[in-house]
Asker: 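Below is one structure. I have some questions about it.
Just so you know, ligand 1 is whichever comes first in the structure, and atom 1 is the first atom listed for that ligand.
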Amino acid sequence: MNKLCWICLAVPVMFSCSQPVTGSGETALSQHNDTAVAKHIEAGNDYHSFSNPDEITVTHLDLALTADFEQKQLKGRATLDIVRQQAGADTLVLDTRDLNINSVTVNGQSVDYSLGASDANLGTPLSISLPANAKQVTVNYHTSPEASGVQWLTPAQTAGKQHPFLFTQAQAIHARSFIPLQDSPQVRITYDANIKTPANLLAVMSASNNPHTERDGDYSFSMPQPIPSYLIALAIGDLQFQAMGDRTGVYAEPALLKAAAAEFEDTESMLELTEEKYGPYRWDRYDLLILPPSFPFGGMENPRLSFITPTVIAGDKSLVSLIAHELAHSWSGNTVTNATWRDLWLNEGFTTYLTYRIMEMLYGPDRYNMEAVLGYQSLQSDIDALPEADQKLAIDLRGRNADEVFSDIPYEKGALMLREIEQKIGREAFDKFLLNYFEHFAFESITTDVFLTYLDKTLLKDYPEKLSRARIEQWIFQPGLPEGAPEPQSDAFSDIDEVRQRWLTDKRDANEIDTTLWTTHEWLYFLNNLPDSLPAQKLEELDNAFSLTQSQNNEIAHSWLMIAVKNEYKPAYDRLYKYLVNIGRNKLVKPLYRELAKTPQGKKLATKAFNEAKAGYHPLTIKANEGFIND
Ligand code: BES
Ligand code: ZN
């Protein structure tokens with residue numbers, strides 16, 4: 001996209017401005033007057049979109065698609081409402097990836113269009129010539145069976161084994177693989193959709209869902225709040241609904257429904273607690289959709305309907321911080337959105353901070369402390385592993401694949417910076433700041449610079465003796481952690497350190513360790529902090545005492561299998577193989593593949609598992625792991 005003014009995009013066209021943005025946010029903002037300045041987004045080139053919203057902006061999408069499970073294609077049309085930002089603008093540029101465009105029409109008449117050169121990261125620009133006064137553009141198209149943002153599952157890949165399943169995953173830049181649009185988080189649109197499916201399946205979207213809709217294969221949706229394209233989502237399957245509270249419920253395949261509703265029964269309380277602290281929930285209902293295990297993420301905050309991996313249904317609510325996280329995005333991410341992928345930390349750092357606060361409110365400080373220590377340790381290992389450039393909160397993604405730079409930096413480092421501000425000015429003052437921040441920027445997409453300018457006018461002005469801009473800039477623009485950054489502590493974990501040490505130095509046998517009161521968190525802390533190299537006999541002892549190889553908790557199993565791979569502990573390899581074949585969640589499988597790839601034997605096993613699993617893996621999981629196997 002061009003480097004043109006973004007500040008005025010959301011004000012009526014007659015007030016809009018086309019001044020080029022020069023330099024920092026400060027300069028750009030000072031070129032604009034009063035309230036428009038405060039209310040509207042700043043420059044921030046989106047290097048991950050071909051689109052030209054600074055000339056012509058899409059404001060609404062009307063989608064009509066039929067899901068063809070035989071052909072693995074979504075077929076239909078997208079009608080886009082457009083607003084010209086520049087009087088003479090006559091070419092609308094949309095993002096696409098592997099889409100088959102059949103025709104483009106304006107007022108029922110075909111218009112000229114062309115597909116430009118494809119880029120491996122960005123896809124293919126679709127340029128459409130617009131007649132003067134065109135207000136709506138319709139693109140007739142179908143998707144490719146390999147669409148990067150869609151996974152088509154056979155019945156065998158579902159829990160019920162009877163019906164096929166489809167789900168989309170648009171973040172970061174995969175919406176363009178199933179809808180031609182301006183695929184940039186700085187463009188916000190409302191949408192309506194009609195989805196046709198086989199009659200016995202239910203379609204759900206990141207929009208208004210009627211849990212009691214007639215199952216007839218014809219479903220309509222509307223999303224009245226303006227959202228960025230990466231939050232458009234669709235799933236189709238043999239889904240049923242169970243309410244968890246007045247505003248919350250869960251969609252899942254019948255076999256998982258009860259367990260999911262029980263596991264996540266605290267969702268309504270989470271919603272209420274978050275509202276009390278951070279202002280109204282602006283999205284009407286909040287439901288969860290439980291996906292098949294190939295879902296490549298833990299969760300995805302699609303508005304009104306978070307998409308959730310089934311791997312967190314542990315039976316004891318020990319992994320529900322993931323729900324708190326996706327719910328928290330309803331404030332940080334969905335209400336206030338990162339304007340470009342460089343600003344992802346505004347979404348994920350604020351959300352991680354909020355998640356910790358929700359967990360603390362609901363389950364108390366011990367649980368919060370344990371989760372914060374685990375998060376901090378995970379951050380430390382990313383800092384150790386990543387090049388300095390990737391340790392910055394505001395990361396330079398030019399020319400890079402937005403999926404590849406996924407790390408704990410935007411999450412845990414972002415949250416830690418907010419924790420530091422909280423500690424310096426006090427919790428009450430910081431909560432008030434957050435409440436105002438969500439209100440001030442509601443339904444806007446903002447850059448890191450806009451955030452900093454807002455901070456100048458609020459906390460940096462009000463607490464000059466406690467906070468400094470230099471310190472904040474160090475957090476955002478420098479690698480690593482600033483000296484004196486907060487360091488989470490957990491008393492519960494001190495005991496675990498002691499127990500681990502005793503066992504390692506043979507002062508205590510594994511079956512003498514009293515783990516009756518250990519939760520998942522103690523286990524993770526115990527396992528994650530074992531030395532990399534352990535004798536087989538020690539591993540056997542631990543496994544015999546606690547059946548770790550058979551752990552049904554997917555996070556504990558992950559930590560244990562990492563140890564098994566590092567030490568070539570063969571009794572765990574059957575489980576390892578099954579784990580890799582059955583789970584597609586990248587955070588769980590990628591570290592295992594990476595570790596296996598370090599030895600020829602490991603690579604052989606990885607290759608076998610990968611090849612067996614590949615047909616069931618999501619395109620993102622395939623891409624993330626194919627480099628670890630033999631060709
Ligand atoms: N929005 C993210 C997932 C995402 C981020 C997808 C960037 C594509 C690009 C989601 O909210 C998330 O953070 N998921 C985590 C959950 C965890 C941190 C609790 C995941 O999937 O592991
Ligand atoms: Zn997130």
Asker: Which atoms of ligand 1 sit under 4.0 Å from any heavy atom of L322?
Answerer: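 Near L322, meaning under 4.0 Å from one of its heavy atoms, ligand 1 has 16 (C), 19 (C).
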Asker: Under a 4.0 angstrom heavy-atom cut-off, which atoms of ligand 1 come close to E301?
Answerer: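 This gives 1 (N), 2 (C), 10 (C), 11 (O) as the contact atoms.
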Asker: Would you mind telling me which of R357, K413, H325 makes a side chain to side chain contact (heavy atoms under 4.5 Å, CB included) with T352?
Answerer: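 Filter result, single survivor: H325.
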Asker: Which residue supplies the protein heavy atom nearest to atom 10 (C) of ligand 1, what is that atom called, and how far is it?
Answerer: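 Protein heavy atom with the smallest distance to atom 10 (C) of ligand 1: G299 O, 3.2 Å.
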Asker: Looking only at N, O or S atoms, which one in E348 sits nearest to the Zn ion (ligand 2)?
Answerer: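 Of all N, O or S atoms belonging to E348, OE1 is the one nearest the Zn ion (ligand 2).
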Asker: If you measure every N/O of E348 against every N/O of ligand 1, is any gap under 3.5 Å?
Answerer: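 The answer is yes, given that E348 and ligand 1 share an N or O pair closer than 3.5 Å.
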Asker: Before accepting this row, confirm whether a basic side-chain N of the pair K590/E595 lies closer than 4.0 Å to the acidic partner's carboxylate O.
Answerer: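 Salt bridge between K590 and E595, a charged N being under 4.0 Å from a carboxylate O: no.
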Asker: Do the two ring centres, one from W560 and one from F526, sit under 6.0 Å apart?
Answerer: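 When the ring centroids of W560 and F526 are compared, they turn out to be at least 6.0 Å apart.
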Asker: Would Y230 count as a contact of ligand 1 if the rule is a heavy atom under 4.0 Å away?
Answerer: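 So Y230 does not count as touching ligand 1.
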Asker: For this output row, return yes or no: ring centroids of F350 and H329 closer than 6.0 angstrom.
Answerer: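 Ring centres of H329 and F350 not closer than 6.0 Å.
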Asker: Using a strict 4.0 Å cut-off to heavy atoms of Y411, name the atoms of ligand 1 that fall inside it.
Answerer: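 Atoms satisfying the 4.0 Å criterion: 2 (C), 5 (C), 12 (C), 13 (O), 18 (C).
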Asker: Pick one: which of D46, N45, T340 meets side-chain hydrogen bond (donor to acceptor under 3.5 Å, both in side chains) with S184?
Answerer: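 That would be D46.
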Asker: Measure up the Y579 and H558 rings against each other and bin them: parallel (under 30°), tilted (30 to 60°), perpendicular (over 60°).
Answerer: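 Judged by the thresholds at 30° and 60°, the geometry between Y579 and H558 is tilted.
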Asker: Measure from the Zn ion (ligand 2) to each N, O or S atom of E301 and report whether any distance is below 2.8 Å.
Answerer: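 Given the 2.8 Å cut-off, E301 does not count as a ligand of the Zn ion (ligand 2).
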Asker: Please verify the inter-ring angle class for Y454 with F433; under 30° counts as parallel, over 60° as perpendicular, anything in between as tilted.
Answerer: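 Taking F433 first and then Y454, their aromatic rings sit tilted (interplane angle of 30° to 60°).
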Asker: Looking at atom 15 (C) of ligand 1, what's its closest protein heavy atom, distance included?
Answerer: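 Closest protein heavy atom to atom 15 (C) of ligand 1: E326 OE2, 4.1 Å.
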Asker: Flag the pair K72 and E146 as a salt bridge only when some basic side-chain nitrogen lies within less than 4.0 angstrom of an acidic carboxylate oxygen.
Answerer: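 Salt bridge flag = no for E146 with K72.
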Asker: Check whether any N or O atom of F297, backbone or side chain, sits under 3.5 Å from an N or O atom of ligand 1, and answer yes or no.
Answerer: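 The answer is no, given that F297 and ligand 1 share no N or O pair closer than 3.5 Å.
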Asker: Quick one: CH2 on W283 to CG on L271, what's the gap to the nearest 0.5 Å?
Answerer: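 Output value for this atom pair is 13.5 Å.
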Asker: Quick check on contacts: which atoms of ligand 1 are under 4.0 angstrom from a heavy atom of G298?
Answerer: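 This gives 20 (C), 21 (O), 22 (O) as the contact atoms.
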Asker: Heavy atoms only, cut-off 4.0 Å: how does Q171 contact ligand 1, side chain, backbone, both, or neither?
Answerer: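 For Q171, the contact with ligand 1 is made by both the backbone and the side chain.
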Asker: Angle at the Zn ion (ligand 2) between NE2 of H325 and NE2 of H329, to 10°?
Answerer: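 Here the angle at the metal atom is close to 100°, to 10°.
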Asker: If the cut-off is 4.0 Å to any non-hydrogen atom of H329, which atoms of ligand 1 fall inside it?
Answerer: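 Result: 11 (O).
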